[in-house]
Amino acid sequence: MFYAVQQLEHTDTLVVGLFQKSRLTGKALDIDELLEGHLTQLLKDGDVSSKPNQVSKVFPPSSAGMKRIYFVGLGREANYSFEQAKECFAHVFQAIHKDRKQEAAVLLDTFMSEDVPAADAAHALAESCLLASYEVQDYKHKSNEPDKQIEAVYAVTDEDTQEVQAGLHVGQAYGQGTNSARTLVNMPGNMLTATDLASYAEELAAKYDFECEILEKSEMEELGMGGILAVNQGSAEPPKMIVLRYQGKKDWEDVVGLVGKGITFDTGGYSIKTKSGIVGMKSDMGGAAAVLGAMEMIGELRPEQNVLAVIPSTDNMISGGAMKPDDVIVSLSGKTIEILNTDAEGRLVLADGITYAKQHGASVLVDVATLTGGVVVALGKETTGAMTNDQRFYQQVADAAKECGEAIWQLPITEKDKKRVKSSQMADLSNSPGREGHAIMAGTFLGEFAESTPWVHLDIAGTATSNKATCFGPSGATGVMARTLATLAERFALEKDQSES
């Protein structure tokens, strides 16, 4: 879909970036000369703008050799960054997608700067094109006319085309993996059960040559996975413990463990949600989607790193056999848990997932989950909550998130918090010791299962979905944290190699 070329004989659609400068230079000047000074005049008249993210469509004379040119403003070059490049590309490709154009050529060199070299510009181009042109896969009746999507984008450059092609490949992997996560989260709960999620993981494993293990209910019972089994008690759908293993090194060591909450629908159980609060609970597997999206990126990019993905999956339903408040269960770790809130089910399945990841050799752990409404109250809808037992490892996660433009903010774990989750009179732990600091209580609870293994918890309850469209796509699922997890896997390998050298 994305091709690096040094020249293109013909194109109907051309994309050009414009920095805010006193005069046109480089490739932009070449375009102005091709248009016989018309671009300079359009800029003077305000019909074309070089302000950030401003898209202008111009129809040149036939002698120019193209039907339309999309100019996109990049702002001042001193302020231009990788994130700004992604936004600019997103705006212009959203316009191209809206116009239903299927091919485009991009003068990539017009989007480059000292801080955004060729490979980064190419990455931004491919990632943003896929994100901006994403459409929710709905179930409405449609006409028989084929839907026109962007099928080919040519990055025209004077730089090394191999380097540019490599950047396009990374960006395409990131965009496609994020969109795959979005599609999973947007799917209705009756069309994406734990069994369906397991089948999707098996297809991913077959495509990218991952090792795959799917634990069935009987196997969970033999192993003593009391957390996920308790949540599944009220369901007619069987639970699945999904495990994917990517081995990028000769020996199975230094393993990055990714654990994603896979609750395919959450009623809250007997602690039932309100009629408005229950709508949208198909998205309660956003953590699982992020992990699967990251594994797709890892499968495409093949980093020299060992990665383990563990996804405990079930729905949380109500029946005569469902778990009840005051029940006491035994987790895979052997720790007992008093159930005070059946709507605090995510931490129960994650407890078993974290323990299972450790048993499979995870050296570090990141769990990702749409876990608490409390994190939305604390941090809103734009920032993911994070907690950790290891500041050094947390910094690696934070650096990966910053590189991907995904905001996270650390919440504390204190000794008093640990005492609160251990305050049950009936069991080792309480799954819900009180409303105050609810997001912190959930993370602290999970930390009891991570124990001494370096661990970061990411609560995406506020960021997994959005009720408004942006330049990066429509409202609905965001695919948040998929790119961060993939970047962490790649950077974790690099940082370790550098420390050893």
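Quick note: residue numbers are just sequence positions, from 1.
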Can you name the residues that form a side chain to side chain contact (heavy atoms under 4.5 Å, CB included) with [X], not counting sequence neighbours?
| X | value |
| --- | --- |
| M426 | V328, E338, S424 |
| Q233 | A230, M323 |
| S113 | F19, E77, Y80, D115, V116 |

Taking the six-membered ring for Trp, are [X] and [Y] closer than 6.0 Å centroid to centroid?
| X | Y | value |
| --- | --- | --- |
| H97 | F93 | no |
| Y208 | Y246 | no |
| H169 | F2 | no |

Tell me the closest heavy-atom pair linking [X] and [Y], and the distance in Å.
| X | Y | answer |
| --- | --- | --- |
| L184 | Y200 | CD1-CE2, 3.8 Å |
| L371 | D459 | N-OD1, 3.1 Å |
| A486 | A294 | N-CB, 4.0 Å |

* To do: Take K240 and E216 through the test salt bridge (charged side-chain N to carboxylate O under 4.0 Å, His left out) and record every step on the way to the result.
  => CA-CA 6 Å; K240 305 286 180 179; E216 303 295 340; 2.5 Å; yes
* To do: Mind telling me whether F449 and F445 have parallel, tilted or perpendicular rings, with 30° and 60° as the class edges?
  =>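 The rings of F445 and F449 sit tilted, inter-plane angle from 30° to 60°.
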* For Q391, does the CD atom have more than 12 heavy-atom neighbours from other residues, nucleotides or ligands under 6.0 Å away? ->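 Check passes, neighbour count above 12.
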